[in-house]
Amino acid sequence: MASDNTQKGIHLDLGAVQTRLEKKWDAPTGYENLVSSLTGYVRLRGTVPLGKRIVWEPSLGTLLPWKSGVDGMTRKFTSHLDLTLSYPLLPWLRVRLGPGLKWLFLHGDGGEVVLNNGTSTSSFYTPGYASHSFVVTGQTGLSFILTSKISLNFELYGTGIFDHLRRSFDAAAT
(Lines give C-alpha, C1' and ligand atoms only; values in the text may rest on other atoms or scores of the structure.)
Protein backbone atom coordinates (compact mmCIF):
# COMPACT_ATOMS: atom_id res chain seq x y z
CA MET A 1 0.00 0.00 0.00
CA ALA A 2 1.32 3.48 -0.88
CA SER A 3 2.09 5.94 1.88
CA ASP A 4 0.18 9.22 2.07
CA ASN A 5 2.22 12.19 0.77
CA THR A 6 0.69 14.93 2.94
CA GLN A 7 3.86 16.43 4.34
CA LYS A 8 4.57 20.10 3.77
CA GLY A 9 6.21 20.61 0.39
CA ILE A 10 6.06 21.72 -3.23
CA HIS A 11 5.00 19.37 -6.05
CA LEU A 12 5.30 19.61 -9.82
CA ASP A 13 2.23 18.32 -11.67
CA LEU A 14 2.42 17.58 -15.41
CA GLY A 15 -0.54 16.51 -17.49
CA ALA A 16 -3.32 17.64 -19.80
CA VAL A 17 -6.58 19.62 -19.69
CA GLN A 18 -9.67 19.09 -21.83
CA THR A 19 -11.49 22.42 -22.05
CA ARG A 20 -15.24 22.98 -22.33
CA LEU A 21 -16.38 19.38 -21.95
CA GLU A 22 -20.06 20.24 -22.36
CA LYS A 23 -19.40 21.89 -25.76
CA LYS A 24 -17.32 18.94 -26.99
CA TRP A 25 -20.16 16.50 -26.31
CA ASP A 26 -22.83 18.75 -27.91
CA ALA A 27 -20.88 19.91 -30.97
CA PRO A 28 -21.87 18.66 -34.43
CA THR A 29 -19.52 16.13 -36.01
CA GLY A 30 -16.33 17.80 -37.19
CA TYR A 31 -16.67 20.85 -34.91
CA GLU A 32 -15.55 19.25 -31.62
CA ASN A 33 -12.01 20.65 -31.82
CA LEU A 34 -13.26 24.16 -32.58
CA VAL A 35 -15.24 24.44 -29.34
CA SER A 36 -13.05 22.31 -27.05
CA SER A 37 -9.34 21.51 -26.94
CA LEU A 38 -6.91 19.11 -25.32
CA THR A 39 -3.76 20.88 -24.21
CA GLY A 40 -0.76 20.39 -21.95
CA TYR A 41 -0.82 21.56 -18.35
CA VAL A 42 1.93 22.31 -15.84
CA ARG A 43 1.29 23.24 -12.21
CA LEU A 44 3.19 23.97 -9.00
CA ARG A 45 1.20 22.71 -6.02
CA GLY A 46 2.01 23.20 -2.36
CA THR A 47 0.89 20.99 0.50
CA VAL A 48 0.38 22.49 3.94
CA PRO A 49 -1.11 20.20 6.63
CA LEU A 50 -3.86 21.95 8.62
CA GLY A 51 -4.28 19.09 11.07
CA LYS A 52 -3.90 15.34 11.11
CA ARG A 53 -6.04 14.76 8.01
CA ILE A 54 -6.88 17.99 6.18
CA VAL A 55 -4.27 19.45 3.82
CA TRP A 56 -4.39 22.86 2.14
CA GLU A 57 -3.11 22.55 -1.44
CA PRO A 58 -2.67 25.98 -3.07
CA SER A 59 -1.46 25.73 -6.66
CA LEU A 60 -0.64 27.79 -9.73
CA GLY A 61 -0.89 26.21 -13.18
CA THR A 62 -0.87 27.17 -16.83
CA LEU A 63 -2.01 25.63 -20.09
CA LEU A 64 0.78 24.93 -22.59
CA PRO A 65 1.41 25.74 -25.32
CA TRP A 66 -0.14 29.16 -25.35
CA LYS A 67 -2.96 29.22 -27.86
CA SER A 68 -3.66 31.27 -30.95
CA GLY A 69 -7.24 32.04 -31.80
CA VAL A 70 -9.07 30.47 -34.73
CA ASP A 71 -8.16 33.55 -36.77
CA GLY A 72 -4.44 33.13 -35.95
CA MET A 73 -4.22 36.79 -34.92
CA THR A 74 -4.98 36.59 -31.19
CA ARG A 75 -2.79 34.82 -28.63
CA LYS A 76 -4.32 33.45 -25.43
CA PHE A 77 -2.52 32.71 -22.15
CA THR A 78 -4.56 30.78 -19.54
CA SER A 79 -3.49 30.23 -15.95
CA HIS A 80 -5.26 28.99 -12.85
CA LEU A 81 -4.85 29.61 -9.11
CA ASP A 82 -6.40 26.89 -6.91
CA LEU A 83 -7.03 27.12 -3.17
CA THR A 84 -8.17 23.56 -2.53
CA LEU A 85 -8.36 21.42 0.58
CA SER A 86 -7.82 17.67 0.48
CA TYR A 87 -9.08 14.97 2.79
CA PRO A 88 -8.21 11.23 2.83
CA LEU A 89 -10.91 8.74 1.86
CA LEU A 90 -8.45 5.82 2.02
CA PRO A 91 -4.71 5.73 2.79
CA TRP A 92 -4.01 5.90 -0.97
CA LEU A 93 -6.93 8.14 -2.06
CA ARG A 94 -7.64 11.81 -1.28
CA VAL A 95 -10.59 13.96 -2.35
CA ARG A 96 -9.89 17.60 -3.26
CA LEU A 97 -12.36 20.47 -3.17
CA GLY A 98 -12.15 24.24 -3.24
CA PRO A 99 -12.35 27.56 -5.07
CA GLY A 100 -10.05 28.89 -7.73
CA LEU A 101 -9.40 31.83 -10.00
CA LYS A 102 -8.88 31.46 -13.76
CA TRP A 103 -6.95 34.23 -15.51
CA LEU A 104 -7.24 34.71 -19.27
CA PHE A 105 -4.83 37.09 -21.00
CA LEU A 106 -5.50 37.86 -24.66
CA HIS A 107 -3.21 39.82 -26.94
CA GLY A 108 -3.71 40.75 -30.57
CA ASP A 109 -1.84 42.84 -33.12
CA GLY A 110 -5.03 44.11 -34.73
CA GLY A 111 -6.05 43.68 -38.32
CA GLU A 112 -8.65 42.22 -40.61
CA VAL A 113 -9.42 38.52 -40.96
CA VAL A 114 -11.72 37.04 -43.60
CA LEU A 115 -13.67 34.09 -42.21
CA ASN A 116 -16.43 31.80 -43.40
CA ASN A 117 -19.84 33.24 -42.48
CA GLY A 118 -22.25 30.49 -43.44
CA THR A 119 -22.54 30.41 -47.23
CA SER A 120 -20.12 33.29 -47.87
CA THR A 121 -17.21 35.09 -46.18
CA SER A 122 -17.08 38.26 -44.12
CA SER A 123 -14.38 40.53 -42.78
CA PHE A 124 -13.85 40.50 -39.01
CA TYR A 125 -11.55 42.86 -37.18
CA THR A 126 -9.28 41.75 -34.35
CA PRO A 127 -8.30 44.01 -31.46
CA GLY A 128 -4.84 45.51 -31.36
CA TYR A 129 -4.43 45.51 -27.59
CA ALA A 130 -4.17 43.27 -24.54
CA SER A 131 -7.19 42.18 -22.51
CA HIS A 132 -7.55 40.39 -19.15
CA SER A 133 -10.40 38.52 -17.55
CA PHE A 134 -10.74 36.73 -14.24
CA VAL A 135 -13.28 33.99 -13.57
CA VAL A 136 -14.06 32.35 -10.22
CA THR A 137 -14.03 28.55 -10.45
CA GLY A 138 -15.03 25.62 -8.30
CA GLN A 139 -12.86 22.52 -8.32
CA THR A 140 -13.21 18.93 -7.18
CA GLY A 141 -10.96 15.97 -7.78
CA LEU A 142 -9.30 12.78 -6.65
CA SER A 143 -5.63 12.14 -5.90
CA PHE A 144 -4.43 8.55 -6.11
CA ILE A 145 -1.26 8.24 -4.02
CA LEU A 146 0.98 5.80 -5.92
CA THR A 147 4.20 6.33 -3.88
CA SER A 148 5.43 8.90 -1.39
CA LYS A 149 6.55 11.06 -4.35
CA ILE A 150 4.12 10.18 -7.16
CA SER A 151 0.36 10.69 -7.38
CA LEU A 152 -2.19 10.57 -10.17
CA ASN A 153 -4.68 13.45 -10.01
CA PHE A 154 -8.03 13.89 -11.77
CA GLU A 155 -9.85 17.22 -11.45
CA LEU A 156 -13.01 18.88 -12.71
CA TYR A 157 -13.14 22.68 -12.87
CA GLY A 158 -16.47 24.48 -13.17
CA THR A 159 -17.22 28.10 -14.04
CA GLY A 160 -20.60 29.80 -14.01
CA ILE A 161 -21.97 26.82 -12.09
CA PHE A 162 -25.20 28.58 -11.04
CA ASP A 163 -25.97 30.01 -14.51
CA HIS A 164 -27.09 27.37 -17.01
CA LEU A 165 -26.27 29.66 -19.96
CA ARG A 166 -22.67 30.33 -18.86
CA ARG A 167 -21.83 27.05 -17.17
CA SER A 168 -18.62 25.42 -18.42
CA PHE A 169 -16.45 22.52 -17.29
CA ASP A 170 -12.79 21.66 -17.85
CA ALA A 171 -11.16 18.36 -16.83
CA ALA A 172 -7.51 17.82 -15.91
CA ALA A 173 -5.34 14.75 -15.44
CA THR A 174 -1.89 15.24 -13.91
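In terms of the side-chain hydrogen bond (donor to acceptor under 3.5 Å, both in side chains) criterion, residue partners of W103 (sequence neighbours excluded) are, by chain and number, H132. Among residues two or more places apart in sequence or in another chain, the ring-ring contact (aromatic ring centres under 6.0 Å, His included) test is passed with F169 by none. Residues satisfying the side-chain hydrogen bond (donor to acceptor under 3.5 Å, both in side chains) test with T121, not counting sequence neighbours, are none. For the side-chain contact (heavy atoms from CB on, under 4.5 Å) test, residues two or more places apart in sequence or in another chain that qualify with Y129 are P127, S131. Legend: residues meeting side-chain contact (heavy atoms from CB on, under 4.5 Å) with I161, ordered by chain and number and at least two apart, are absent. In this view, S133 and L104 satisfy the side-chain contact (heavy atoms from CB on, under 4.5 Å) rule, not counting sequence neighbours. The side-chain hydrogen bond (donor to acceptor under 3.5 Å, both in side chains) search around T159 returns none, not counting sequence neighbours. Listed by chain and residue number, L83 satisfy the side-chain contact (heavy atoms from CB on, under 4.5 Å) test with P99 (two or more places apart in sequence, or in another chain).
V135 has its side chain out of reach of L101: every pair of non-hydrogen atoms, C-beta onward, lies at least 4.5 Å apart. Inter-residue side-chain proximity for V55 and V48 is flagged as unmet; no heavy-atom pair is nearer than 4.5 Å.
Side-chain N or O atoms of T62 include one that pairs as donor or acceptor with a backbone N or O of T78 at under 3.5 Å. A side-chain donor-acceptor contact under 3.5 Å links T39 to the backbone of L64.
The distance from atom CG of L156 to atom CD of Q139, rounded to the nearest 0.5 Å, is 9.0 Å. Summarising the geometry, atom CD1 belonging to I54 is positioned 7.0 Å from atom OH belonging to Y87; distances are rounded to the nearest 0.5 Å. Atoms CG and OG1, from L14 and T174 in turn, are 8.5 Å apart once rounded to the nearest 0.5 Å. Between the OG atom in S86 and the CD1 atom in I145 there is a gap of 8.0 Å [rounded to 0.5 Å]. In this structure, the separation between CG on L44 and OG on S59 is 9.0 Å, given to the nearest 0.5 Å. Considering CG of L142 and CZ of F154, their distance stands at 8.5 Å, rounded to 0.5 Å.
Hydrophobic cluster membership for V17: Y41, L63, Y157 (Ile, Leu, Val, Met, Phe, Trp, Tyr linked by side-chain heavy atoms under 4.5 Å, directly or transitively). L106 forms part of no hydrophobic cluster, judged by ILVMFWY side-chain heavy-atom separations under 4.5 Å.
Just one residue in the list E57, H11, K8 forms a side-chain hydrogen bond (donor to acceptor under 3.5 Å, both in side chains) with T47, and that residue is H11.
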*Trace of the salt bridge (Lys or Arg N to Asp or Glu O under 4.0 Å) decision for R45 with D82*: CA-CA 9 Å; R45 180 175 45 90; D82 295 325; over 6 Å; no
*Can you check side chain to side chain donor-acceptor pair (under 3.5 Å) on S143 and R94, steps first, answer last?*
CA-CA 5 Å; S143 291; R94 297 186 73 81; over 6 Å; no
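Applying the salt bridge (Lys or Arg N to Asp or Glu O under 4.0 Å) test to residues at least two apart or on different chains, the pairs with a partner in residues 152-165 are R43-E155, R96-E155, D163-R166.
By the criterion of side-chain heavy atoms lying less than 4.5 angstrom apart, applied directly or through intervening Ile, Leu, Val, Met, Phe, Trp or Tyr residues, L81 is not grouped with L97; the two fall into different hydrophobic clusters.
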